[in-house]
Amino acid sequence: MPEEKSILNWVSPGDKTGEFKRQQSVFRSWISTAPDAEFPPEKNRYHLYVSYACPWAHRTLIVRNLKGLQDIIPFTSVHWHMGSKGWRFAEPGEDVAGANTSPDPVHEGFTHLRDIYFEQNPDYEGRFTVPTLYDVKAKKIVSNESSEIIRMFYTAFDDLVADEYKKVDLFPQKLQKDIEEMNDWVYNDVNNGVYKSGFATTQEAYEKSVTTLFTSLDRLESHLSSSTTPYLLSAPHITEADVRLFTTIIRFDPVYVQHFKCNIRDIRSGYPHLHTWMRHLYWDYPAFSETTQFEHIKKHYTKSHGQINQFAITPVGPVPDIFGKDEGVAALGGK
Ligand SMILES: N[C@@H](CCC(=O)N[C@@H](CS)C(=O)NCC(=O)O)C(=O)O
């Protein structure tokens, strides 16, 4: 494959700005209860392909769990390594950490996620990304945009889940405006900001992104310090804003601080409110802890990005990946 065509070139070699520019997702259909819907909600009809390493896919696993969709939407995680053909499935008999890290159970013989994209269109030229929500019956990709997949999960399957899950409202009417506003800057500066910092190929592009990232982390810290509840928007329960921020913050100390050079501060010693908020979600809600696989997270980034880490050595620390709920840096022996 010529260099400029490699999917592992995160900044196009011809781009003098050195800035990472994330592409728009291509598949944007919706699962809907409308009478004539192409993709109606049905148990076991849809398969969710994720990577435990990926923060965008992680959103969908958390929401699937919070909304009680585990028996309705099966999922498979790809192997943590991304090579020149993109994400691959585990091979038969291969031992990969985490539940559902099997070969593709839907398509016998498919070895890579991209095989599913080429099944749709042999001339497909977009990226082969997780999450991918796939309709097994129609053999079609419904969506590969996490922000939309999670919103489908909020309500589309409500007729199929128990009442306790129907009640889970991650996008309540009265907070929608606040959530959208926060999504806007948190997506650009934080969720995508770590990638813009880490993939930058000029000093200027890196510094611009990393400075914006930390300004926005400061803003989140101050936001949480005045929250009247343990959640981001002073809501009495988890909302979309918590889910979307969590998947970046949980990866921050283990990977982004060193691998993406996001090291002005770290979460555990520099952001007490974010640290408490993150550990509350992780330790008190299985939806967050059961879907977090630190081995995938650490190995994926450090062993897949040859341009950043030539020898693919995964740093041992930080230790631990996450502190216990009531521990802090002092647990390391410091005061
Ligand atoms: N906007 C997409 C982004 C998804 C995305 O970029 N996923 C990454 C993994 S973290 C991926 O699969 N990248 C493969 C590639 O770009 O080749 C979403 O939120 O669903």
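Numbering of ligands and ligand atoms starts at 1, following listing order.
At least one heavy atom of Ser25 sits less than 4.0 Å from an atom of ligand 1. Residue-ligand proximity: Ser147 is placed with every non-hydrogen atom at 4.0 Å or more from ligand 1.
Of the protein's non-hydrogen atoms, Cys54 SG, 3.3 Å is the one closest to atom 9 (C) of ligand 1. What sits closest to atom 13 (N) of ligand 1 on the protein, heavy atoms only, is Thr129 CG2, 3.7 Å.
The side chain of Arg127, and not its backbone, has at least one atom closer than 4.0 Å to an atom of ligand 1 (non-hydrogen atoms only; side chain from C-beta on). The proximity of Gln24 to ligand 1, defined as any non-hydrogen pair under 4.0 Å, does not occur for either the backbone or the side chain. Counting heavy atoms closer than 4.0 Å to ligand 1, residue Ile149 contributes nothing at all. Residue contacts with ligand 1, taken as heavy atom pairs separated by less than 4.0 Å, do not involve Gln23 at all.
Between Phe110 and Phe89, the ring centre distance reaches or exceeds 6.0 Å. Ring centroid separation for the pair Tyr49 and Phe75 does not come in under the 6.0 Å cut-off.
At a threshold of 4.0 Å, the pair Asp158-Lys67 counts as salt-bridged, since one of the basic side-chain nitrogens sits closer than that to a carboxylate oxygen.
Remark: the Asp115 side chain and the His112 side chain contain no N/O donor-acceptor pair separated by less than 3.5 Å. Between the side chains of Asn65 and Tyr285, no donor-acceptor pair is found at a separation under 3.5 Å. Side chain to side chain, Thr202 and Glu204 fail the donor-acceptor criterion of an N or O pair below 3.5 Å.
Checking Tyr187, Trp87, Tyr195 against atom 11 (C) of ligand 1, the nearest heavy atom belongs to Trp87.
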